[in-house]
Number of protein chains: 2
Amino acid sequence: MRVVTTRTSSHLVEGAVRAAALQILTQDGPEGFTVRAVAQRAGVAPMAIYNHFHGKNGLIDRIFAEGFADLHRAMDIDLDDPVDTLRASGHAYRRFALEHRGHYLVMFLHHFEGFEPSMESAELAARAYGRLVDIISRCVDTGAFEPLDPRRTAQLVWAMVHGYVALEMNHQMFADDAEKTFEQMLDTMMAGLAHSLR
Amino acid sequence: MRVVTTRTSSHLVEGAVRAAALQILTQDGPEGFTVRAVAQRAGVAPMAIYNHFHGKNGLIDRIFAEGFADLHRAMDIDLDDPVDTLRASGHAYRRFALEHRGHYLVMFLHHFEGFEPSMESAELAARAYGRLVDIISRCVDTGAFEPLDPRRTAQLVWAMVHGYVALEMNHQMFADDAEKTFEQMLDTMMAGLAHSLR
DNA sequence: TACTATTGTGGAACATCGTTCTATTAAGGA
DNA sequence: TCCTTAATAGAACGATGTTCCACAATAGTA
């Protein structure tokens, strides 16, 4: 005898799964992120994740792409001074990570087995990186920074900011005040960029 | 009918397993790192990993601790100038990561499900961090750096260097010359520390 | 309102994973 | 030589991602 108790309305399935996935990622981390667990929390059959997304990795890719779109929006800052813009972008990056733990986990912190971003997702990521290159180019053009290669400089700026945020989110902090330590990191970075190479 | 073909000598088992584990981590990454795969490559029964280590996580902890001991050794640098020492330590850190991919993966790059460092391992890690704090303290004492809190400054120095190395090892590099980019990162960091806070 | 196509459901099944248990038997010291 | 030690093969368990299936609730249409 078969009993199909309830059934989530077609349109609500994707939203429910998405919300459940983010909730589990945020609360339990990648370890609790299983197909069955997400489905259960969403009040949905495990099969839904294969019907609406393309399995677990498809769901991850959805969150990945969505995260980069959000990050791009969060960092859409354009102050008069490009140096101020760069600093504000650093703060925006950290704030995004703290407020979108689930997204950030998927985007930067954890490598899920067998997951590779789709073409579209990778392009979104590249575009976010392009913005960073642009800002740094403007800093160089105005003479605020030494004549550095913007592409290379973007790489190390990203490394520094992301490196710090990753440690903070993984609770690998030995200093007491995370906010103040981040501020000092930005100070160091900005001062170094302005005066580096002698 | 039972056929136990050959049998690895007691003393050699641990070494064989250790070597196989590092080889798999280095070549295949965390995804290929399964108990059965390690045992097979070591020419040993899967049970050996439970007899000689304490399961998969025990083996990981062994590599973790060994890695920190090696890193501590690699960074045991003491030049006359503490600023030179800090810069040399940065280079040593990166070199260690590149030359000990397997160890670095376990120590910093990948979080294995359910793995938590043992007390002894955590202490080894803390001691390595302590060295960094000491070097920075000396930089502050000699007046080479602004009067920064060494503990906090160590946090952001680690974040910057590790952030860069992590990107390089994950092949998330958009700049061409990794060596030169790292050099510029150290330049920026050192210059920023010397002149930050006005 | 009645009918039908869509599609979400529960459940079984598969291979693989870490892990435990068992019985066998090779290795090494007495 | 014998006997203890310990490394082996293999089955088994639960959990994982994934696929397939039969069934029925939903939604649109006649």
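Computation of the quantities below employed the complete heavy-atom set of this structure, encompassing side-chain atoms and omitting hydrogens, waters and symmetry-equivalent molecules. Numbers restart at 1 for each chain; the letters A, B, ... are given by sequence-line order, proteins then strands.
For the pair B:L12 CG and D:dT8 P, the computed distance is 11 Å after rounding to whole Å. Rounded to a whole Å, the CZ atom of B:F112 is 18 Å from the C1' atom of D:dT16.
Residues passing the salt bridge (Lys or Arg N to Asp or Glu O under 4.0 Å) test with A:D80, sequence neighbours excluded: none. Residues passing the side chain to side chain contact (heavy atoms under 4.5 Å, CB included) test with A:D84 are A:L79, A:D81, sequence neighbours excluded. Not counting sequence neighbours, the partners of B:S89 by the side chain to side chain contact (heavy atoms under 4.5 Å, CB included) test are B:M75, B:I77, B:T85, B:I135. The ring pair (Phe, Tyr, Trp, His ring centres under 6.0 Å) check on A:H54 picks up nothing, with sequence neighbours excluded. The salt bridge (Lys or Arg N to Asp or Glu O under 4.0 Å) check on B:D28 picks up B:R41, with sequence neighbours excluded.
Side-chain contact check for B:V83 versus B:M190: some heavy-atom pair is nearer than 4.5 Å.
Residues from residues 34-46 of chain B placing a heavy atom under 4.0 Å of any atom in DNA chain D, listed by number, are B:R36, B:G43, B:V44, B:A45. Heavy-atom distances under 4.0 Å link DNA chain C to A:M47, A:A48, A:N51, A:H52 of residues 47-60 of chain A, given in residue order.
Identified under the side chain to side chain donor-acceptor pair (under 3.5 Å) test for residues 102-113 of chain B, with sequence neighbours left out: A:E31-B:H111, B:E66-B:H103, B:Y93-B:Y104, B:Y104-B:H162. Residue pairs meeting the salt bridge (charged side-chain N to carboxylate O under 4.0 Å, His left out) criterion with at least one partner in residues 164-176 of chain B, sequence neighbours excluded, are A:R152-B:D176, B:R94-B:E168.
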